[in-house]
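All remarks here apply to the structure that follows.
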There are 2 protein chains.
Amino acid sequence: MTLSDRKKKILYSLVDDYIVTAEPVSSKKIQEEHLPDYSSATIRNELSALESMGYLVQPHTSSGRIPSQKAFRFYVDQLMVTPLSRDEISAIESHFTDKISSMQDVMSRVAEVLAEVTHYTSVAVGDSIGKETINKIRLVQLTQGNALVLIVSDRNVFKDHIIDVPVNLSEKDLENVNNWLNKLFTPKKFDELKDIDLVDVLNDELKSLHEIFEDVLKILREVSMKKQEIITQGASQILDYPEYNDIDNAKQFLQTIEQKQKLAKLFSTEDNGLELNIKIGREEEQDLPDGCSVVTAKVGLNQNSIGNIGVIGPVRMDYKKVVSVLDHIGKLIEKLLNEEE
Amino acid sequence: MTLSDRKKKILYSLVDDYIVTAEPVSSKKIQEEHLPDYSSATIRNELSALESMGYLVQPHTSSGRIPSQKAFRFYVDQLMVTPLSRDEISAIESHFTDKISSMQDVMSRVAEVLAEVTHYTSVAVGDSIGKETINKIRLVQLTQGNALVLIVSDRNVFKDHIIDVPVNLSEKDLENVNNWLNKLFTPKKFDELKDIDLVDVLNDELKSLHEIFEDVLKILREVSMKKQEIITQGASQILDYPEYNDIDNAKQFLQTIEQKQKLAKLFSTEDNGLELNIKIGREEEQDLPDGCSVVTAKVGLNQNSIGNIGVIGPVRMDYKKVVSVLDHIGKLIEKLLNEEE
DNA sequence: TGCTAGCACTCAAATAAACCGAGTGCCAAA
DNA sequence: TTTGGCACTCGGTTTATTTGAGTGCTAGCA
């Protein structure tokens with residue numbers, strides 16, 4: 001069943017108002033501030049109808065109405081990206097004047113600027129490593145007896161692991177090992193390493209060095225298990241919103257923010273092709289605290305995603321602004337990554 | 001002026017009590033729960049004396065007393081490490097059963113366990129890089145035209161930077177460059193790099209490759225500026241304490257926790273030879289939010305510090321427990337690092 | 001038929017008043 | 001010097017009262 005035009009206008013205005021004030025909205029207020037062409041009595045009738053349709057809730061008989069989750073869903077489904085203010089744009093861009101030094105760097109800057117501009121808590125989740133492709137592996141001898149394992153994937157360089165090697169390993173041996181490492185492990189995705197069994201693939205010539213290969217494989221597997229980078233920013237800002245004046249609510253929210261694993265799940269939206277994803281309240285998500293909404297977006301160049309970003313805040317969040325800011329940042333990152341190439 | 005024995009006992013009991021209840025302590029309560037040998041009237045007289053000496057404060061005429069900062073200082077100066085409970089010990093040790101994979105790993109696990117066992121917000125700050133010694137520098141050719149800059153210090157390996165090199169660079173040239181890099185920059189502390197001027201040191205032979213040296217120096221300087229790793233855990237736990245039922249207090253606290261730079265200053269105690277450092281309220285520190293205390297400790301093996309850890313919480317924190325837990329963790333880490341060798 | 005002005009009714013929130021009791025200070029006696 | 005006793009204080013809680021924003025409904029008008 002579809003809403004009459006007037007009902008839509010009224011509902012939209014009411015949500016718009018509620019997003020700003022967090023107070024039940026009265027018929028009179030809607031009339032005065034949004035729709036002066038109808039009397040408050042008329043609006044009252046419509047409100048009453050909208051309530052019985054499940055869009056509105058009345059905290060008690062003689063109060064205004066507040067939007068239900070259904071109303072917010074209606075609201076965001078109508079949303080369009082709106083232009084940002086000059087100040088907001090310059091605030092965003094000021095964070096990206098320096099050269100990008102790494103993907104982590106991008107993500108942490110995005111988190112900062114998102115929190116700053118939207119005034120909500122921002123989250124940035126890097127993509128997990130399992131799906132990256134290993135492009136190059138190389139042992140670099142550091143001193144007699146140990147070497148650094150250098151792994152280059154399509155998105156990262158890993159250089160955190162040092163292994164023991166035979167003291168008498170010659171340059172030539174090393175070269176040989178390096179060749180074999182690349183033959184064995186590239187180009188492969190990290191996730192594919194699960195199934196490799198070294199016994200099958202090492203020929204006799206390499207048997208004497210099998211420890212090296214085992215060590216490297218172990219490291220590759222460790223790297224692939226490495227937890228995703230998860231950055232949050234501006235958690236304390238949540239306390240500026242009246243719905244979190246209640247200590248218990250605030251605590252629940254902050255605990256969610258601290259549980260990085262759950263957060264990651266919340267923000268790593270399954271790949272539904274959409275660039276933007278809005279979750280309102282407990283609609284479907286278990287891990288979302290009651291009364292919270294989440295807006296997420298992918299960042300990256302074309303197919304080549306580097307992670308997800310977004311904000312988490314009260315259901316009554318300023319979706320318009322958040323969506324617009326995410327849109328702007330997304331495009332900006334895309335441009336920056338393009339220039340990097 | 002020194003306190004009489006009885007005054008000490010009373011003051012100590014009062015602080016002990018206040019740490020648990022966060023409520024003004026009455027003479028009667030001290031008598032009943034700590035010192036049944038004196039009447040409440042006697043204790044009242046002593047309390048009155050202690051108040052005029054600045055150790056106690058009375059929120060209003062007909063209430064019990066709360067300890068002043070001076071009283072807490074008295075209290076912690078008497079503090080001894082007390083044995084932990086079996087549960088606490090096993091909680092701590094359960095976090096350190098896996099092999100240590102990196103210093104960051106140690107720090108983040110310490111932060112976790114500290115927050116868990118003390119129920120306060122924990123902070124772990126890695127030592128800043130400037131004072132590390134560069135032991136080895138090496139360019140590793142990745143593909144034609146670019147190379148990874150590998151820097152090994154006495155505590156870390158840095159491998160996050162890739163530079164352009166001439167496409168026609170031969171193995172031999174690279175070798176030569178590597179030798180020179182080590183001649184120029186090792187063994188030096190990062191901080192010493194400020195003063196180096198390349199023009200002075202490059203001979204004619206290397207002039208053609210001067211870009212490489214400049215790039216490497218730039219990277220070295222970048223690395224030395226790299227911000228310290230700062231990890232916090234359990235921030236939401238602060239809301240469990242009644243002094244943070246006030247939203248404004250809570251917000252102030254959380255904002256402090258989010259300002260990693262200030263936090264780092266707070267926890268990187270200047271090297272005064274002490275292993276443990278307790279800062280109570282605003283005693284001297286500007287950056288400490290009002291009503292907060294900080295207990296910090298160094299972690300590391302002998303002289304070889306890897307960072308500082310500690311907790312931040314209400315002035316009325318359970319110093320006894322915090323100190324004991326820090327002591328235990330410190331010793332545990334020392335043992336683990338020793339085994340690593 | 002649809003809109004609106006008017007009015008009685010509701011109820012949360014703000015304000016005021018009354019009460020309670022934990023705790024102190026002080027005095028006089030042991 | 002210590003202690004029992006007692007009057008006094010004052011924050012916190014409970015109860016009563018007031019206020020006003022907001023609704024639902026009805027009757028009249030276009």
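Every heavy atom of this structure was used, including side-chain atoms; hydrogens, water molecules and symmetry mates were not. Naming: A, B, ... by sequence-line order, numbering from 1 per chain.
- Atom-to-atom, NE2 of A:His60 to P of C:dC9 comes out at 18 Å; the value is rounded to the nearest Å.
- Distance alone, capped at 3.5 Å, places no donor-acceptor pair between the B:Ser13 side chain and the B:His34 backbone.
- To the nearest angstrom, C1' of C:dT24 lies 16 Å from CD1 of B:Ile66.
- Taking 3.5 Å as the limit, the base of D:dT23 and the side chain of A:Ser62 contain no donor-acceptor pair of atoms between them.
- Separating the CZ atom in A:Arg65 from the CG atom in A:Leu11 is a distance of 12.0 Å, to the nearest 0.5 Å.
- Closest to the side chain of A:Ser26, from the set D:dG22, C:dC3, C:dA22, is D:dG22.
- Screening B:Leu84, B:Val81, B:Val117 for a side-chain contact (heavy atoms from CB on, under 4.5 Å) involving B:His328 leaves a single residue, B:Leu84.
- Across the protein-nucleic acid pair, B:Leu50 atom CG and C:dG25 atom P stand 12 Å apart, rounded to whole Å.
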Check nucleotides 24-28 of chain D for protein N or O atoms closer than 3.5 Å to its own N or O atoms and list the pairs.
{"from": "D:dG24", "atom 1": "OP1", "to": "A:Arg65", "atom 2": "NH2", "distance (Å)": "2.7"}
{"from": "D:dG24", "atom 1": "N7", "to": "A:Arg44", "atom 2": "NE", "distance (Å)": "3.1"}
{"from": "D:dG24", "atom 1": "O6", "to": "A:Arg44", "atom 2": "NH2", "distance (Å)": "3.2"}

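- Separating the CG atom of B:Leu35 from the P atom of D:dT2 is a distance of 13 Å, rounded to the nearest angstrom.
- Comparing B:Pro59 and A:Gly64 by the nucleotide of DNA chain D whose heavy atom lies nearest to each, the residue mapping closer to the 5' end is B:Pro59.
- Under 4.0 angstrom from either OP1 or OP2 of C:dT24 there lies at least one side-chain N or O belonging to B:Ser27.
- Here the rule is side chain to side chain donor-acceptor pair (under 3.5 Å) with A:Ser236, and of B:Gln252, B:Gln259, B:Glu258 only B:Glu258 fits it.
- Of the possible polar contacts, none joining the A:Ser40 side chain to the A:Lys28 backbone as a donor-acceptor pair under 3.5 Å is found.
- Counting to the nearest Å, the P atom of D:dT1 and the CD1 atom of B:Ile43 are 17 Å from each other.
- Expressed to the nearest 0.5 Å, how far CZ of A:Phe72 lies from CZ of A:Arg316 amounts to 8.0 Å.
- In this structure, B:Glu33 places its CD atom 11 Å from P of C:dG23, rounding to the nearest Å.
- B:Leu14 places its CG atom 10 Å from the P atom of C:dT24, with the value rounded to the nearest Å.
- Between the P atom of D:dG22 and the CG atom of A:Leu47 lies a distance of 12 Å, rounded to the nearest Å.
- The base of D:dT3 has none of its N or O atoms less than 3.5 Å from a complementary donor or acceptor on the side chain of B:Ser39.
- No side-chain donor-acceptor contact under 3.5 Å links A:Lys279 to the backbone of A:Phe267.
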